[in-house]
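Treat the numbers as computed from the prediction; the structure is a model and nothing was measured.
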Amino acid sequence: MGELDLGRLRTFRLVVELGSFSAAAARLGLSQPAVSSQVRELERTLGTRLLERLGRHVGTTAAGAELLRHAGAIETAVQAALEAVGAHASGEVGQVRLGTGATACIHLLPPVLRGLRARFPGLEITVTTGSTTQMLGLVTENRIDVALVTLPVAGRTLDVTPLLADAYLAVGPAEGDPLPPVVTPRVLAARPLVLYEPGGSTRRLVDAWFSAAGLPVAPVMNLGNVEAIKELVGAGLGCSILPAMALREDGGRKWVSRPLSPELGRTLGLVVRSDKPRSRALREVIRAFETHVRPGR
C-alpha cells in the first residue's frame with residue numbers, strides 16, 4: 001500500500017458528497033476524466049475499489065465507506081497541523097531564548113517585550129540574565145538564541161549588530177557633599193565608592209577609566225545589581241558610576257547624576273550565532289530591538 005494523497009482523498013469525498021463524477025468535476029474546475037483518474041489512482045494506492053455506480057448515482061463500497069469515516073478526521077488533522085506550522089512561520093507563535101544583563105532587562109526590555117506581546121500574543125520569550133561573558137557562552141553553546149550585550153565581542157562564528165550607545169554617569173547622594181557639575185576620576189576617587197562587582201563589562205570599563213587617570217579603585221562595596229547600588233547611593237553610603245539607561249527617573253530626590261570627564265560609555269548590541277537558523281520568531285525579535293532601541297529608527 002502506497003502513501004495516501006490528500007488531494008485525491010478530497011476528490012473522493014466530493015464525489016461521494018455530490019454523488020456524481022461530473023458534479024465533482026464541475027465543482028473542482030476539472031474535467032470528468034481527470035476526476036475519475038484521481039479516484040482510480042486512490043483505489044490503486046489502497047488496493048481496493050472505493051466507489052460503485054448505482055444507476056446514475058455513485059456510492060461507496062464497504063471499503064469506501066470505511067475510508068469516508070476517516071477522511072474527515074484526516075483532513076482536519078492535516079489542516080490543524082498546517083495552521084500550527086503556519087503560525088510559527090508567521091511569527092504568531094514560537095519560542096525565542098534571549099539573554100542580557102540585569103540593567104538592560106529592567107530598563108530596556110519592557111517596551112520591546114510589550115510591543116512583541118501586542119503583535120504576537122502566542123510568541124513565548126524566555127529571558128536569562130547574566131554578564132556579557134556568560135551570555136556569549138550561552139549563545140555559543142546554543143542554549144540561548146540571541147543576546148543583548150556590551151560590545152565589542154570577539155568570535156568569528158558570531159553575527160553582531162550594534163544597537164545603542166549608552167553613556168555612564170556619576171551618581172551621588174542628593175544630600176551632603178554635592179557632586180560638581182562635571183565629575184573627574186580624581187573627584188570620585190576621593191569619595192567612598194559603591195561599584196559593580198568585578199568580572200562584568202561595566203566594572204572593567206570603570207576600572208580602566210580610573211586607571212587611565214593613574215588612580216587605583218578601592219570601593220567600599222561591590223554589588224551586582226544596579227537598583228541596589230542606587231539605593232545605597234541614595235542612602236548616603238557612597239558614589240557610583242552607572243549607565244544612563246538606569247538613571248532616567250529622578251531618583252526620588254535620593255540621588256543625583258552628573259556627566260563624567262573624560263566621558264565614558266558603552267555600546268550595546270545583539271549577538272547571534274552565524275549558523276543559527278533565523279526563524280520568523282527570531283527575526284521578529286531582532287526587528288523589534290532594531291525598531292525600539294536603535295537611535296533614529
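A salt bridge does not link Lys276 with Asp159: none of the charged nitrogens is closer than 4.0 Å to a carboxylate oxygen. Under 4.0 Å is where a charged nitrogen must lie from a carboxylate oxygen, and between Arg287 and Glu290 no such pair does. The existence of a salt bridge linking Arg10 and Asp5 is excluded, since no basic side-chain nitrogen approaches an acidic carboxylate oxygen closer than 4.0 Å. A salt bridge is absent between Glu17 and Arg13: the closest approach of a Lys/Arg side-chain nitrogen to an acidic carboxylate oxygen does not fall below 4.0 angstrom.
Closest approach of Val271 and Val139 over heavy atoms only: O-CG2, 4.1 Å. Listed here is the closest heavy atom pair of Ala288 and Val112: CB-CG1, 4.0 Å. Contact between Pro173 and Cys239 at its shortest, heavy atoms only, is CD-SG, 4.1 Å. Summarising the geometry of Leu223 relative to Ala228, their closest heavy-atom pair is CD2-CB, 3.7 Å, with the distance given to 0.1 Å. The minimum heavy-atom distance between Arg8 and Leu42, with the atom names listed, is O-CD2, 3.8 Å. Of all heavy-atom pairs between Ser261 and Pro185, the closest is O-CD, 3.3 Å.
Criterion: ILVMFWY side-chain heavy atoms under 4.5 Å apart, direct or through other members. Under it, Val217 and Leu264 are part of a common hydrophobic cluster. Val206 and Leu215 end up in the same hydrophobic cluster when Ile, Leu, Val, Met, Phe, Trp and Tyr side chains are linked at under 4.5 Å. If you chain together hydrophobic residues whose side chains sit under 4.5 Å apart, Val16 and Leu28 fall into the same group. Linking Ile, Leu, Val, Met, Phe, Trp and Tyr residues whenever their side-chain heavy atoms come within less than 4.5 Å places Trp255 and Val220 in a single cluster. Leu193 is connected to Tyr168 through a chain of hydrophobic side-chain contacts under 4.5 Å among Ile, Leu, Val, Met, Phe, Trp and Tyr, so both are in one cluster.
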ask   = Can you check side-chain contact (heavy atoms from CB on, under 4.5 Å) on Val183 and Leu188, steps first, answer last?
value = CA-CA 7 Å; Val183 178; Leu188 281 183; 3.4 Å; yes

> Does the pair Arg27 and Leu18 meet the rule for a side-chain contact (heavy atoms from CB on, under 4.5 Å), with working shown?
Replying inline: CA-CA 9 Å; Arg27 177 76 63 84; Leu18 300 178; 3.4 Å; yes

Practice item. Could you please spell out the steps behind the side-chain contact (heavy atoms from CB on, under 4.5 Å) verdict for Leu138 and Met135? Key: CA-CA 5 Å; Leu138 294 180; Met135 295 304 102; 3.7 Å; yes

message = As a quick check of understanding, evaluate side-chain hydrogen bond (donor to acceptor under 3.5 Å, both in side chains) for Ser131 and Thr133, giving each step before the final call.
response = CA-CA 5 Å; Ser131 69; Thr133 301; 4.6 Å; no

Could you check Val285 against Leu116 for side-chain contact (heavy atoms from CB on, under 4.5 Å), going step by step and ending with a plain yes or no?
CA-CA 7 Å; Val285 169; Leu116 283 166; 4.0 Å; yes

Derivation of the side-chain hydrogen bond (donor to acceptor under 3.5 Å, both in side chains) call for His57 and Glu52 = CA-CA 9 Å; His57 182 76; Glu52 58 185 2; over 6 Å; no

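Expressed to the nearest 0.5 Å, how far CG of Leu4 lies from CG of Leu67 amounts to 7.0 Å. Taking OG of Ser36 as the start and CD of Gln38 as the end, the distance is 9.5 Å to the nearest 0.5 Å. Here CD of Glu66 is found 10.0 Å from CG of Leu68. Values are rounded to the nearest 0.5 Å. Residue Thr60 holds its OG1 atom at 9.0 Å from CG of Leu50, rounded to the nearest 0.5 Å. Distance OG1/Thr202 to OH/Tyr196: 5.0 Å, rounded to 0.5 Å. Taken from CG in Leu148 to CG in Leu109, the straight-line distance is 7.0 Å, to the nearest 0.5 Å.
For CD of Glu175, the number of neighbouring non-hydrogen atoms (other residues, nucleotides, ligands) closer than 6.0 Å is 12 at most. For CD of Gln32, the number of neighbouring non-hydrogen atoms (other residues, nucleotides, ligands) closer than 6.0 Å is greater than 12.
Listed for the Thr129 side chain is no donor-acceptor partner under 3.5 Å among the backbone atoms of Ala102. When atom types are taken as modelled, the side chain of Ser240 and the backbone of Val194 share a donor-acceptor pair closer than 3.5 angstrom. The main-chain N or O of Ala147 is never found under 3.5 Å from a side-chain atom of Thr100 such that the two would form a donor-acceptor pair. Between the side chain of Ser211 and the backbone N or O of Asp207 there is no donor-acceptor pair closer than 3.5 Å. Judged by distance alone, the side chain of Trp209 and the main-chain N or O of Pro262 form a donor-acceptor pair under 3.5 Å. A donor-acceptor pair under 3.5 Å is formed between the side chain of Arg204 and the backbone N or O of Gly199.
Side-chain contact between Leu158 and Leu136 is present, with heavy atoms from C-beta onward closer than 4.5 Å. Between Leu237 and Val233, every side-chain heavy-atom pair lies at or beyond the 4.5 Å cut-off. With a 4.5 Å cut-off on side-chain heavy atoms, Arg203 and Asn222 count as touching. Residues Thr161 and Ile286 form no side-chain contact, since every pair of their non-hydrogen atoms from C-beta on lies 4.5 Å or further apart. No side-chain heavy atom of Val160 sits less than 4.5 Å from a side-chain heavy atom of Val272. Between Leu247 and Lys230, some side-chain heavy-atom pair lies under the 4.5 Å cut-off. Proximity of Glu3 to Thr45: side-chain heavy atoms (C-beta onward) are nowhere separated by under 4.5 Å. Residues Thr128 and Leu98 form no side-chain contact, since every pair of their non-hydrogen atoms from C-beta on lies 4.5 Å or further apart.
Each of Arg273, Arg278, Arg97 was evaluated against Asp145; a single residue qualifies, Arg97, per the side chain to side chain donor-acceptor pair (under 3.5 Å) test.
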